[in-house]
Amino acid sequence: MAASPTPGAIAYAIDAALYLNLTNACTLRCHFCPKHHGQWQVKGHPLELDRAPTFAQVVAAIGDPLPFREVVFCGLGEPTLRLPLLLDVARWLKEAGVARVRLNTDGLANLIYRRDTTAEMAGWIDALSVSLNAQDEATYVRHCDPSRPGAYAACKGFIRAATDHLPEVVATALDGLPGVDIEQCRRIAEDELGARFQARIYGQVG
Ligand code: SF4
């Protein structure tokens with residue numbers, strides 16, 4: 001009898017951080033994404049979910065969150081596509097006393113939900129890492145293949161709105177992707193959007 005595939009992890013620890021994998025769905029179809037190359041593991045953790053987890057399943061998978069330096073919404077999917085669940089879990093984490101809750105996001109939630117979702121995150125999300133990914137729309141579309149028009153402008157608008165509500169907003173881009181000008185991304189993030197900027201290394205989680 002064939003062994004059944006390993007179910008995807010809802011919560012997975014890397015070093016002192018706990019990561020939460022709420023969905024495998026995405027608004028983008030990034031060409032550099034490991035899942036589009038058949039790679040569903042991150043540092044040995046299988047992340048291909050066999051179902052959309054419920055609040056109870058996420059909380060059960062977390063267990064005790066207090067030993068972790070931070071808890072991060074970040075899986076092989078876009079966490080804000082499960083926004084009500086994300087906010088419920090973030091609230092539960094903060095009420096449990098977790099010092100730092102971070103969200104890794106594509107920054108397209110305001111485009112999807114047609115409202116400023118960053119205001120709803122205030123108090124529950126301490127830090128945002130937003131994938132700006134490129135210095136212009138053409139480069140963004142080339143690498144991220146968004147399913148909706150206006151995604152690059154929406155991502156920038158999300159970053160700008162988030163700086164009004166959340167204490168730490170960091171725009172990111174992947175150093176080494178062809179055509180991506182990291183210094184120009186930095187200038188857009190810092191000078192135009194009022195956020196911080198971090199160049200990330202392709203393939204590195206967190
Ligand atoms: S948004 Fe993230 S998970 Fe989704 S396709 Fe892009 S890199 Fe992959």
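Remember, it's 1-based here, ligands and their atoms both numbered in the order they're listed.
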Looking at Y152 and T139, would you say the former's side chain and the latter's main chain have a donor-acceptor pair under 3.5 Å? no
Any N/O/S atom, side chain or main chain, of H36 closer to atom 8 (Fe) of ligand 1 than 2.8 Å? no
So is D106 in contact with ligand 1, going by heavy-atom distances below 4.0 Å? no
Just by distance, with hydrogens left out, do D116 and H165 show a side-chain donor and acceptor under 3.5 Å apart? yes
Under 4.0 Å between a side-chain nitrogen and a carboxylate oxygen: does that hold for D15 and R69? no
C33 heavy atoms within 4.0 Å reach ligand 1 at atoms 3 (S), 5 (S), 7 (S), 8 (Fe)
So F55 and W92, would you call those rings parallel, tilted or perpendicular, with 30° and 60° as cut-offs? perpendicular
State the atoms of ligand 1, each with its element, that fall below the 4.0 Å cut-off from a heavy-atom position in L28. 5 (S)
side-chain contact (heavy atoms from CB on, under 4.5 Å) evaluation trace for V89 with I62: CA-CA 10 Å; V89 174; I62 292 171; 4.1 Å; yes
Tell me, which protein residue and heavy-atom name are nearest atom 5 (S) of ligand 1, and how many Å apart are they? C30 N, 3.5 Å
How far is atom 2 (Fe) of ligand 1 from its nearest protein heavy atom, and which residue and atom name does that atom have? C26 SG, 4.6 Å
